[in-house]
Amino acid sequence: MDATAAPATGPDPANVHTGAVLSAADEAEVARRIDAQCLAHVLVAMRLSVTLAPLDVLWSLAAWHVGLRPEVAAGWLLLMLLLRVGFTLAGRRLQRWVTVDAATGLRQVDRLWLMSGLVHAALIPVFFAGTSENAKLLFTLVGNASAWSVVMAAAGRPRAYWSANLLPLIALLLGWGLQGGVLGWSMVAVLLLAQPLAGMTLHNQHLSWQRLVRLGLANERLAASLAAERDRAQAAAEARTRFFAAASHDLRQPLHALAINATTLELLARRADDPQLRTLSQGVGRALAQSQGLLDALLDISRLDAGAVKVAATDTDIGTLLRQLQAEFAGLAAQRALAFQVEIADAAPWARTDADPLMRILRNLLDNAFKFTEQGAVRLQLAREAPAVLCIRVADSGPGIAPADRERVFEEFFQVGNPTRDRSRGLGLGLAIVRRTAALIGAQVALAEPPPGGGTVFELRLPAVAPPAIALPLAPAPPTPAVPDALAVLLVDDEPGILDAMATLLRTLGWQAHAVCSIEDALALAAAPAMRIDVAVVDHRLPQGDGIGLVQRLQRLRPGLPALIVSGDAAAAGDAARHGLRVLHKPLDGATLSAAIAELARPR
């Protein structure tokens, strides 16, 4: 970069104007870039120099017309054409210096301009000797035009300007000063007064170049920083996903064993008809239910934030889903002495959505409605809001939500009317999960204005679709075959505590339990012809492999063997479904486990 252009002390004006503060290590890069951009700008002007040759022809004709000798005008024209061709060729030859060494390229350009200045200065005595004043004025005008063209091409570099114009300026000042008179001294004054204007223009150009280069470098640094932050955020999200996958498995293991033992304890309490033992088992069950609910909420919000939840939208009959919810919540409504009304005001309520996440959203909203409603009614309503929009409303007659809290209810860990953080009322993640899940399936959830009588109304909007052209009648359900009184179950889990809990439960039910901790032991039992096995219950994660692979090997030994995968890993459901296997997630209570085993054992 030109040394005369750099400020000696004080804050850099380019930094002051742009706010782009760079470190000292970046200054050399700023200088290199300024040199490279200045050289590229200058070379463009040099390569275009030959295109101005018609102007030289016009200048020479004008000079001849005002009294310049023809041979002088022709010689001047030839010399200008040669200079322009030389500058054009040099502009192409110096192009490589833009990326190699721009500072060296600029020094070569300065030498070319110095040679051009020498030629113009040498011509001035020829023009001023024995020619008319009009010819002198014309040549002075041409010289000033050339000077200002250098100003525009110099990219704010004073050295380039003075290399091309210092000697011609001195020659013109001497020529007009020697002529004297009013015209001579007036031209001297005009030439001198033009130099501060040229200097100010060069200074402003230089500042503009500095601002652009510094701001560009600062933007690159910012973009690199943002990219690094993005990469760190992605890595953190991936690490968080792995952490919660591990946490989902590791945290569920002890809760699973405890839930199985709680079910066994309840069975023993019933058999012994011991009220104190039954109360104890029921208290353990309630604590486990709360713990599982809190754990599920935390893991759900983490999976949603990490983008680990995938959806598969299909055309879905929303009316059928709402009637299913009506059957699910009828018992809760009766228990709390509340009216539960389901209103479907559309004849063809079909929408494009994923039914499973949608049902989780509606169950969450209904749970809240029943939780906070002491008397009155809960309403689940469906109506068509627009030709392509279905609106599901969950309304209750509870205390409602204050205006200041209407938007905050969707924040994590925010709860209305629970200053003591009663764990029985959850963590305050339900509506945060609802909003994230709704966005995932392309739905919109909002808190609507309450009705005149008070209460709370949530609205969920879905993209409506036309129903199928043909509705197939439902096939009658086949009669349910009986389950054998005593089942023989193969249990495979690498956690001895969980294995003992499941075996104890099944034996308490009067079933046989073959409990093993390894894949080799499970295969050995399955290979024994005298060993009876009705159902296999296999953990998904095993030290020597996974449960799905073990089930496949067991079924090769015993074709048609019913199998159940039990896992604390949320990803196990997708893997098991691809292989046609049922999966239950830990922690699960003993009643759910035994019911699933009995269902698998039914003759097909």
Side-chain angles (χ1 to χ4, degrees), residues 252-272 277 281 284-285 288 481-568 572 576 581-604:
R252 290 175 189 274
Q253 293 290 85
L255 287 177
H256 175 61
L258 189 57
I260 298 296
N261 285 326
T263 303
T264 305
L265 181 62
E266 186 175 0
L267 287 173
L268 294 175
R270 289 177 182 174
R271 290 181 183 178
L277 189 59
S281 66
V284 171
L288 280 171
V483 179
D485 291 335
L487 295 176
V489 183
L490 173 61
L491 301 174
V492 186
D493 199 301
D494 61 329
E495 293 281 347
I498 293 177
L499 199 62
D500 291 342
M502 290 193 296
T504 301
L505 170 66
L506 299 186
R507 289 166 184 155
T508 303
L509 292 171
W511 298 352
Q512 296 181 30
H514 309 300
V516 295
C517 291
S518 67
I519 291 178
E520 290 77 5
D521 291 341
L523 294 174
L525 286 177
M531 182 65 62
R532 176 188 167 192
I533 301 176
D534 297 314
V535 178
V537 178
V538 180
D539 187 30
H540 183 58
R541 289 189 181 183
L542 296 170
Q544 302 86 5
D546 63 88
I548 296 174
L550 173 58
V551 168
Q552 292 173 335
R553 296 173 69 180
L554 291 173
Q555 290 177 341
R556 282 196 291 271
L557 293 171
R558 294 181 176 239
L561 174 66
L564 175 67
I565 300 294
V566 179
S567 176
L581 298 175
R582 182 177 176 184
V583 62
L584 290 179
H585 291 289
K586 300 176 182 178
L588 69 153
D589 58 76
T592 302
L593 176 63
S594 59
I597 293 173
E599 177 65 26
L600 286 174
R602 295 183 190 278
R604 296 291 187 257

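These numbers come from the heavy atoms of this one structure, side chains and all, not from hydrogens, waters or symmetry mates. Residue numbers start at 1 and run along the sequence shown.
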- prompt: Is it true that a side-chain atom of His514 and a backbone atom of Met531 form a donor plus acceptor pair closer than 3.5 Å?
  reply: no
Under 3.5 Å donor-acceptor, Asp521 side chain and Val516 backbone: no
task: Return the set of residues passing side-chain contact (heavy atoms from CB on, under 4.5 Å) with Ala595 (not counting sequence neighbours), or none when no residue passes.
output: none
- request: Only counting residues at least two apart or in another chain, list the ones meeting side-chain contact (heavy atoms from CB on, under 4.5 Å) with Ala513.
  value: Leu491, Ala503, Leu506, Arg507
Check: [Y] and [X] side chains under 4.5 Å, non-hydrogen atoms:
X	Y	result
Val551	Ile565	yes
Trp511	Asp534	no
Asp493	Cys517	no
Leu564	Val538	no

- line: In this structure, CG of Leu550 is separated from NE2 of His540 (nearest 0.5 Å) by 12.0 Å
Can you see which heavy atom on [X] is nearest to which on [Y], and at what distance?
X	Y	result
Ala526	Leu557	CB-CD1, 3.9 Å
Leu499	Ala515	CG-CB, 3.6 Å
Ile533	Leu490	CG2-CB, 3.9 Å
Leu554	Ala536	CD1-CB, 4.2 Å

query: What side-chain hydrogen bond (donor to acceptor under 3.5 Å, both in side chains) pairs are there with at least one residue in residues 553-565, not counting sequence neighbours?
result: none
- prompt: Does Asp539 pair with Arg541 as a salt bridge, N-O distance under 4.0 Å?
  reply: no
